[in-house]
**Q** 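Handing you this structure, nothing more for now.
For the numbers below, each heavy atom of this structure counts, side chains included, while hydrogens, waters and symmetry mates do not. Whatever order the structure lists them in is the order used to number ligands and atoms, beginning at 1. The structure presented is a predicted model; accordingly, all values stated were derived computationally and were not measured.
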Amino acid sequence: MNRTRVRHALLVSILLASCLWVKEEVWAGQAGGCNPKQYAAERDKMVREQIRKRGIKDDSVLRAMGKVPRHCFVPREFEDEAYDDHPIPIGKGQTISQPYIVALMTELLQVKPSDRVLEVGTGSGYQSAVLSGLVNRVFTIEIYPALSRKAGALLKALEYRNIALKQGDGYFGWNEHAPFDAIIVTAASNQIPPPLLRQLKPGGRMCIPVGGAYQVQQLMFIRKKHDGTITTRAVLPVRFVPLLGGH
Ligand code: SAM
């Protein structure tokens, strides 16, 4: 290679590197200043010690949990606790669930890459981001406009492209996009909402905490058989914030 060519190659690689740097800066800025590449060691430790050790076996779920930058989904002041073994406040009296519970509910749904999944309770957007890499499309509903807007902006900045958000009462589901292969409800309800059961495909799975507000509830796994009959199984006692709304 002659000297001009070497100089040219050098210039091109410097330009490319600076473009990538600018893209990352803009992206990090849009994502509320978080750097998605940080906390890789904490994320690995979370997967190893909180999730795999407690019995989550599905490799695709473990990979998704190891990939999504959870620290971007928590308020700045909690960033250094993002990978700890507990839920974290996200505003409006709501929380991002404990990592293990997110992994467990995701595994229970037994999703496939072709699936369309409904989530009730967008919150920070973290559970949607985890599902995003595992399924074809995620539809997520949040009752608080401010949380829905914030999650929408963050998911866009982090380039999760297969997630559709809606602000509203998720008790009634999202009829226009039904039926769903799987439904996950991340707030506790006194009953399994009938509109959600109707919007579940035959063969579909649902995961929902059932029980009273601010009490210990049961995480329920529900299956709609191909003949339309419903089976339910109590998985684990849990404590979720209540499902709000006009129902
Ligand atoms: N999945 C969320 C995440 O990854 O951050 C955490 C969910 S938080 C435990 C429960 C969420 O459900 C809250 O953001 C709350 O505002 C929302 N919520 C409560 N009732 C709702 C309803 N009827 N429809 C939609 N969202 C609701």
**Q** When hydrophobic residues are tied together by side-chain contacts of less than 4.5 Å, even through go-betweens, does I208 share a cluster with V241?
**A** no

**Q** Same cluster for I184 and Y100 if Ile/Leu/Val/Met/Phe/Trp/Tyr side chains link at under 4.5 Å?
**A** yes

**Q** Need the ligand 1 atom indices (1-based, order shown) with element for anything under 4.0 Å from a heavy-atom of G168.
**A** 24 (N), 25 (C)

**Q** Identify, with sequence neighbours excluded, every residue that meets side-chain contact (heavy atoms from CB on, under 4.5 Å) alongside S114.
**A** K112

**Q** Under a 4.0 Å heavy-atom limit, does Q94 contact ligand 1 with its side chain, its backbone, both, or neither?
**A** side chain

**Q** Consider every N or O of G121 and every N or O of ligand 1, then say whether any pair is closer than 3.5 Å.
**A** yes

**Q** Below 4.0 angstrom from a heavy atom of D169, which ligand 1 atoms are there? Numbered from 1 as shown, please.
**A** 22 (C), 23 (N), 24 (N)

**Q** Between the side chain of Q199 and the main-chain N/O of W174, is any donor-acceptor distance below 3.5 Å?
**A** yes

**Q** Distance under 4.0 Å to a non-hydrogen atom of I96: what atoms of ligand 1 satisfy this?
**A** 5 (O)

**Q** Look at ligand 1 and say whether I184 reaches it with a heavy atom at a distance under 4.0 Å.
**A** no

**Q** Which of the atoms in ligand 1, numbered in the order shown and given with their element, are less than 4.0 Å from a heavy-atom of Y126?
**A** 4 (O)

**Q** Identify, by atom number and element, the atoms of ligand 1 in contact range of G170, meaning under 4.0 Å from any of its heavy atoms.
**A** 22 (C), 23 (N), 24 (N), 25 (C)

**Q** What I'd like to find out is whether the side chain of D115 reaches to under 4.5 Å of the side chain of R205, using heavy atoms alone.
**A** yes

**Q** Taking only residues two or more places apart in sequence, or in another chain, which ones meet R198 in a side-chain contact (heavy atoms from CB on, under 4.5 Å)?
**A** P194, P195

**Q** Considering the heavy atoms of Y144, write down every atom of ligand 1 situated less than 4.0 Å from one of them.
**A** 16 (O)

**Q** Within the side chain of T95, is there an N or O that forms a donor-acceptor pair under 3.5 Å with the backbone of S97?
**A** no

**Q** Quick check on contacts: which atoms of ligand 1 are under 4.0 angstrom from a heavy atom of S124?
**A** 3 (C), 4 (O), 5 (O)

**Q** Keeping the roles fixed (side chain from Q50, backbone from P99), state whether a donor-acceptor pair exists under 3.5 Å.
**A** no

**Q** Which of the numbered atoms in ligand 1 are below 4.0 angstrom from a heavy atom of L243?
**A** 20 (N), 21 (C), 22 (C), 23 (N)

**Q** Within the distance-only criterion (no hydrogens, no angle test), does the side chain of E107 pair as donor or acceptor with the backbone N or O of M105 below 3.5 angstrom?
**A** no

**Q** Does only the side chain of I143 get under 4.0 Å from ligand 1, or the backbone, or both, or neither? Count heavy atoms.
**A** both

**Q** What part of S128 sits under 4.0 Å from ligand 1 if we count only heavy atoms: the side chain, the backbone, both or neither?
**A** neither

**Q** Report yes or no: does Q167 contribute a side-chain atom to a donor-acceptor pair with the main-chain N or O of I143 at less than 3.5 Å?
**A** yes

**Q** Examine the proximity of ligand 1 to K92 and report which part, side chain or backbone, both or neither, has a heavy atom under 4.0 Å away.
**A** neither

**Q** Among M105, K166, E142, Q167, whose heavy atom sits nearest atom 16 (O) of ligand 1?
**A** E142

**Q** Is the closest basic N to carboxylate O distance between E42 and K45 below 4.0 Å?
**A** no

**Q** Purely on distance, is any nitrogen or oxygen of F240 under 3.5 Å from one on ligand 1?
**A** no

**Q** Mind checking whether T95 contacts ligand 1 via backbone (N, CA, C, O), side chain (CB onward), both or neither, at a 4.0 Å heavy-atom cut-off?
**A** both

